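Report on the following structure.
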Amino acid sequence: MDPPGGQDAKAGIRDVRIRGPRLLLRALQPGEIEEEWQAMVTADPMVIAELPEEASFKARLRRSGHLEDGWLDLAIDLDGVSVGRIQTFVPPGRALPPGTFDVGIGLREDARGKGYGREALALLTDWLFEHAAAGAVEASTDPANAAMRTVFRKAGWMPAGSLTELGREWVMYRVTRQEWEAWGRQRKPPGPC
C-alpha cells in the first residue's frame with residue numbers, strides 16, 4: 001500500500017510496496033533477514049565500508065517496509081524471490097539536509113548485470129520524490145565500482161564529487177527533484193498528438 005501523496009516522511013510511512021515492470025520492492029520476510037546478514041558478512045569490501053553490529057542490523061531489517069527517520073529497507077523481489085536489498089539510511093556522523101535521502105543497494109551475484117539494480121534504484125528514487133517529499137536522493141560508491149557508477153548514470157543520477165567517510169574515499173552520485181522531473185519527462189513516452 002502506498003501512502004497518500006504529501007505525507008510527511010519524518011512522521012513515518014508504513015507498509016511500503018513499490019511495483020515495477022519486473023520487480024517488487026517490499027518488506028523483507030522473517031526468513032530473509034538471516035540471508036541479508038550473511039550477504040553483509042560476505043560482501044566485497046569494495047561495496048561495504050564496515051560490517052554493522054549484527055543484532056542492530058537484524059532489528060532494523062525486522063522493521064523493513066517502514067520509512068522512519070530516514071531509514072527504509074526493502075527486499076528486491078523478482079517473481080516471489082528476494083534477489084537483493086535496497087535501503088535509505090542516515091550515514092554515521094554526517095547529518096543530511098532536510099529532504100535528502102541516502103540510498104544503498106546490494107544484489108545477489110547471480111542477479112547482477114540484468115538491469116535489476118537500475119530498475120530497483122529508479123523505482124525507489126521515483127517513490128521517494130512522489131511519496132516521501134524528497135528534495136534530493138544521493139548515494140556513494142567506490143571509485144572502482146564501474147557497474148554501480150553505470151547504474152547511477154542510467155537512472156539519471158549525476159556525479160556530485162567525492163566524500164571521505166570511514167577512512168575511505170567514495171564517489172558521490174545524486175539526483176535533485178528538478179533533475180528527476182526533467183529526467184522523467186525524457187524517459188516517458190509522449191502523449192497523443
Side-chain angles (χ1 to χ4, degrees), residues 2 16-29 32-33 35-52 57 60-61 64-65 67 70-91 100-132 134 136-160 162-163 165 168 170-176 179-180 183-184 186-188:
D2 286 328
V16 176
R17 292 175 61 87
I18 308 166
R19 184 165 301 280
R22 300 181 296 171
L23 302 175
L24 170 65
L25 306 183
R26 56 150 175 88
L28 282 96
Q29 299 168 359
E32 295 168 335
I33 293 172
E35 290 175 31
E36 290 301 326
W37 172 249
Q38 290 306 315
M40 291 293 285
V41 169
T42 60
D44 184 330
M46 180 181 1
V47 298
I48 180 172
E50 68 179 8
L51 190 63
F57 177 79
R60 191 181 92 215
L61 293 190
S64 71
L67 175 60
W71 292 85
L72 172 66
D73 288 276
L74 297 168
I76 301 170
D77 182 305
L78 174 66
D79 300 325
V81 176
S82 176
V83 296
R85 182 173 56 91
I86 192 164
Q87 68 180 55
T88 63
F89 65 97
V90 179
T100 299
F101 289 89
D102 259 28
V103 172
I105 185 171
L107 289 176
R108 305 285 184 272
E109 192 170 334
D110 61 346
R112 295 177 189 157
K114 299 175 182 175
Y116 302 140
R118 185 200 47 76
E119 183 177 336
L121 183 66
L123 287 170
L124 182 59
T125 300
D126 288 350
W127 187 88
L128 289 168
F129 284 116
E130 292 170 355
H131 299 281
V137 184
E138 63 184 24
S140 59
T141 191
D142 188 287
N145 192 342
M148 194 67 230
R149 293 177 75 163
T150 299
V151 166
F152 289 133
R153 284 192 303 274
K154 286 185 175 183
W157 292 39
M158 304 298 291
S162 62
L163 170 72
E165 200 165 62
R168 290 182 52 190
W170 303 91
V171 177
M172 291 295 296
Y173 280 80
R174 130 185 217 111
V175 61
T176 64
E179 292 164 341
W180 171 77
W183 175 256
Q186 292 174 2
R187 63 185 165 135
K188 291 181 181 162

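Since this is a predicted model, take the numbers as computed values, not measurements.
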Contacts of type side chain to side chain contact (heavy atoms under 4.5 Å, CB included), residue [X], not counting sequence neighbours:
{"X": "S64", "value": "A27, L28, D73"}
{"X": "E179", "value": "M158, V175, T176"}
{"X": "S140", "value": "W170, M172"}
{"X": "P143", "value": "R149, V171"}

Compare all side-chain heavy atoms of [X] with those of [Y] and state whether any distance is below 4.5 angstrom.
{"X": "L25", "Y": "V16", "answer": "no"}
{"X": "I76", "Y": "L107", "answer": "yes"}
{"X": "L72", "Y": "L124", "answer": "yes"}

Residues in salt bridge (charged side-chain N to carboxylate O under 4.0 Å, His left out) with [X], at least two apart?
{"X": "E32", "answer": "R26"}
{"X": "E36", "answer": "R85, R108"}
{"X": "R112", "answer": "none"}

Suppose we screen for ring-ring contact (aromatic ring centres under 6.0 Å, His included). Which residues come up paired with [X], at least two apart in sequence or across chains?
{"X": "F152", "answer": "W157, Y173"}
{"X": "F129", "answer": "W180"}
{"X": "F89", "answer": "none"}

With sequence neighbours left out, the residues meeting side chain to side chain donor-acceptor pair (under 3.5 Å) with R153 are T150
The side chain to side chain contact (heavy atoms under 4.5 Å, CB included) partner of V137 among T100, D102, V103, T88 is V103
